[in-house]
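Note sheet for the following structure.
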Amino acid sequence: MTTLPATHLAMLTLVKPEGQLELSLARRPLEPPKDKEVVVKVQATPINPSDLGLMLGGADITTVRATQRDGLPVITASVPPAAMRAMASRIGEALPVGNEGAGLVVAAGSSPEAQALLGRTVATVGGSHYAEYRTLPARMCMPLPAGTDPRDGASSFVNPMTALGFTETMKMQGYKGIVHAAAASNLGQMLIKICKADGIPLVNIVRSERQALLLKELGATHVLDSSADGFQDALVDAVAATGAMLGFDPIGGGKLASQMLAAMEQAAVRRMKTYSRYGSDEMKQVYIYGSLDIGPTILNRSFGLTWGLGGWLLTPFLQKAGPEVQARMRKRVADELTTTFKSHYSHEISLTQALDPAVLTAYNAKRTGDKYLIRP
């Protein structure tokens, strides 16, 4: 077994009672592996919107200030009272960050499943990845094909499994098409490839003409620019053409979810044989799965009475889907890691750079096309 260092660098996020968030690098003990565990040297880990929610909570980024502790960077920022109330359960607890990553297994416990991973490059999930090392159960590792760059395996869980989760949700709930917002993201591009391969009608909503051109180059059929004149009418036509009555919205705030439901209703009404003052009885559902806009979700209830708006999270979905569906999804991700599920990164940074105020402000902006990868 490789000789492991006694400590390693890890990123921690802490909300203090006085209304301050602290994001820091600290030296933490490196736990040796137990029987069914492995130690992974983290070589690549992405910054996802879900990571930012834990890292920065409801902190006011305009108040960010950089200091040091024991020669390591520390970021502090003010947290408004409303955000403090929302984060009451985590006040005073320093939490590790980073949902997923990839790296080399450098130590393994004595069990056969752990020993089988020794020396392998693996994709991992389970938090605490913004660190130099990660000790975790062998079952939470996905072996990558020999020669795979950790960069290609770093984002092999959150975005790929979410995109596949959308299509599985569609099948489980009896829908036949999907409307997806902020569709130029890495996740959105994966969803386009999945739906194209599986023959699933997909309506893509983007926020600029440049993004629309990008998706059309990928082979997307229905691409709508929400900033263009006539967007709502075009959305109705696209939903009518595809029969897509299931929507996924990563934005959350604003009126887009309402616009999606309204377009579904108008498309459904077109097919009605007789008038009903209650609108169409065809079920219309939109799931919010992110918070790119943390403002209120605004509903203009012009979509009848047969509709639903809810939240969608990957982990509860996987638990509901069961081990057979999970195994099928994971196998597809592994088989298509460098094709369907290949992620594209605009910036690669170190752990120290991740705590530079200018860099932090840039990746927290969550601009479509900007994807940051940490290389510890």
Side-chain angles (χ1 to χ4, degrees), residues 48-53 158-173 175-192 194-195 200-208 211-212 215 220 222-228 231-240 242-268 282-304 306-317 365-369 371:
N48 294 314
S50 54
D51 298 308
L52 291 172
V158 174
N159 281 346
M161 296 291 275
T162 298
L164 285 172
F166 291 169
T167 61
E168 293 292 338
T169 297
M170 182 200 76
K171 296 170 189 174
M172 290 164 60
Q173 297 185 1
Y175 294 99
K176 59 182 180 181
I178 293 172
V179 181
H180 184 225
S185 65
N186 271 325
L187 188 156
Q189 294 181 42
M190 292 176 189
L191 186 61
I192 288 169
I194 294 167
C195 291
I200 296 171
L202 177 64
V203 178
N204 301 278
I205 299 173
V206 296
R207 290 180 280 189
S208 70
Q211 293 174 0
L215 298 196
H222 300 280
V223 185
L224 308 176
D225 177 1
S226 62
S227 68
F231 163 69
Q232 190 65 29
D233 290 339
L235 182 57
V236 174
D237 290 341
V239 171
T242 58
M245 294 287 158
L246 175 65
F248 292 93
D249 174 24
I251 297 170
K255 61 183 181 179
L256 185 57
S258 183
Q259 290 176 291
M260 293 163 72
L261 287 167
M264 294 172 186
E265 172 68 4
Q266 288 178 263
E282 189 169 352
M283 184 62 188
K284 303 159 285 288
Q285 175 71 47
V286 171
Y287 288 111
I288 294 173
Y289 71 97
S291 298
L292 296 178
D293 181 343
I294 61 173
T297 301
I298 302 169
L299 293 181
N300 176 15
R301 290 186 294 109
S302 58
F303 30 80
T306 310
W307 57 275
L309 178 67
W312 193 98
L313 283 172
L314 178 59
T315 301
F317 164 76
K366 299 185 283 283
R367 300 184 187 92
T368 300
K371 182 76 171 179

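Everything numeric here is computed off the predicted structure, so don't read it as measured data.
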Legend entry - Closest heavy-atom pair and its distance - Ala163, Met190: CB-CB, 4.3 Å

Legend entry - pair Trp307-Arg301: side-chain heavy atoms closer than 4.5 Å: yes

Legend entry - Heavy-atom donor-acceptor pair, Ser185 side chain to Gly188 backbone, under 3.5 Å: yes

Inset, instruction - Would you indicate whether the side-chain heavy atoms of Asn300 and Gln259 approach each other to under 4.5 Å? - result: no

Inset, instruction - Step through the shown structure and confirm whether more than 12 heavy atoms of other residues, nucleotides or ligands are within 6.0 Å of CD1 on Ile294. - result: no

Inset, instruction - Using side chain to side chain contact (heavy atoms under 4.5 Å, CB included) as the criterion, list what pairs up with Ala220, not counting sequence neighbours. - result: Ile192, Asn204, Leu215, Val223

Legend entry - Partners passing side chain to side chain donor-acceptor pair (under 3.5 Å) against Ser226 (at least two apart in sequence or in another chain): none

Legend entry - For Tyr287, all residues meeting side chain to side chain donor-acceptor pair (under 3.5 Å), sequence neighbours excluded: Gln173

Legend entry - Selection residues 250-268 - residue pairs positive for salt bridge (charged side-chain N to carboxylate O under 4.0 Å, His left out), sequence neighbours left out: Glu265-Lys284

Inset, instruction - Using a 4.5 Å cut-off on heavy atoms from C-beta on, say whether the side chain of Leu309 contacts that of Thr297. - result: yes

Inset, instruction - Can you sort out the partners of Pro49 under side chain to side chain contact (heavy atoms under 4.5 Å, CB included), two or more places apart, ordered by chain and number? - result: Leu292, Lys366

Inset, instruction - State the CG-CD1 distance between Leu256 and Ile288, to the nearest 0.5 angstrom. - result: 9.5 Å

Inset, instruction - Could you tell me which non-hydrogen atom of Ala182 sits nearest to which non-hydrogen atom of Pro250, and how far apart they are? - result: CB-CG, 3.5 Å

Legend entry - Residues forming a side chain to side chain contact (heavy atoms under 4.5 Å, CB included) with Ser227, sequence neighbours excluded: Asp225

Legend entry - For Ala238 against Leu224, the heavy-atom pair lying closest together: CB-CD1, 4.1 Å

Inset, instruction - Working to the nearest 0.5 Å, report the span between CG of Leu246 and CE of Met260. - result: 8.5 Å

Legend entry - Separation of Thr242 OG1 from His222 NE2 (nearest 0.5 Å): 5.5 Å

Inset, instruction - Determine yes or no for a side-chain-to-main-chain donor-acceptor pair under 3.5 angstrom, with Gln285 supplying the side chain and Gly247 the backbone. - result: no

Inset, instruction - Could you list all the side-chain hydrogen bond (donor to acceptor under 3.5 Å, both in side chains) pairs where at least one residue sits in residues 160-169, not counting sequence neighbours? - result: Glu168-Arg328, Thr169-Trp312

Legend entry - With sequence neighbours excluded, residues passing salt bridge (Lys or Arg N to Asp or Glu O under 4.0 Å) with Asp237: Arg270

Inset, instruction - Calculate, to the nearest 0.5 Å, the distance between atoms CG and CG belonging to Asn186 and Asn159 respectively. - result: 6.0 Å

Legend entry - Residues that Lys371 engages under side chain to side chain donor-acceptor pair (under 3.5 Å), provided they are two or more places apart: Asn48

Inset, instruction - Check salt bridge (Lys or Arg N to Asp or Glu O under 4.0 Å) between Arg367 and all other residues, then give those that pass, not counting sequence neighbours. - result: Asp370

Inset, instruction - Taking all non-hydrogen atoms of both residues into account, name the closest pair between Lys176 and Met170 and its distance. - result: C-SD, 3.8 Å

Legend entry - CG on Leu202 to CD1 on Ile194, rounded to 0.5 Å: 10.0 Å

Legend entry - With Glu282 via side chain to side chain donor-acceptor pair (under 3.5 Å) - residues at least two apart: Arg271

Inset, instruction - Give a yes or no answer on whether the side chain of Thr306 reaches the backbone of Met283 with a donor-acceptor pair at less than 3.5 Å. - result: no

Inset, instruction - List in chain and number order the residues that pass ring pair (Phe, Tyr, Trp, His ring centres under 6.0 Å) with Tyr289, two or more places apart in sequence or in another chain; answer none if no residue qualifies. - result: Phe166, His180

Legend entry - Approximate separation, where rounding is to 0.5 Å, of Ser258 OG and Asp249 CG: 11.0 Å

Inset, instruction - Identify the heavy atoms of Val239 and Met264 that sit nearest to each other, and give their distance. - result: CG1-CA, 3.9 Å

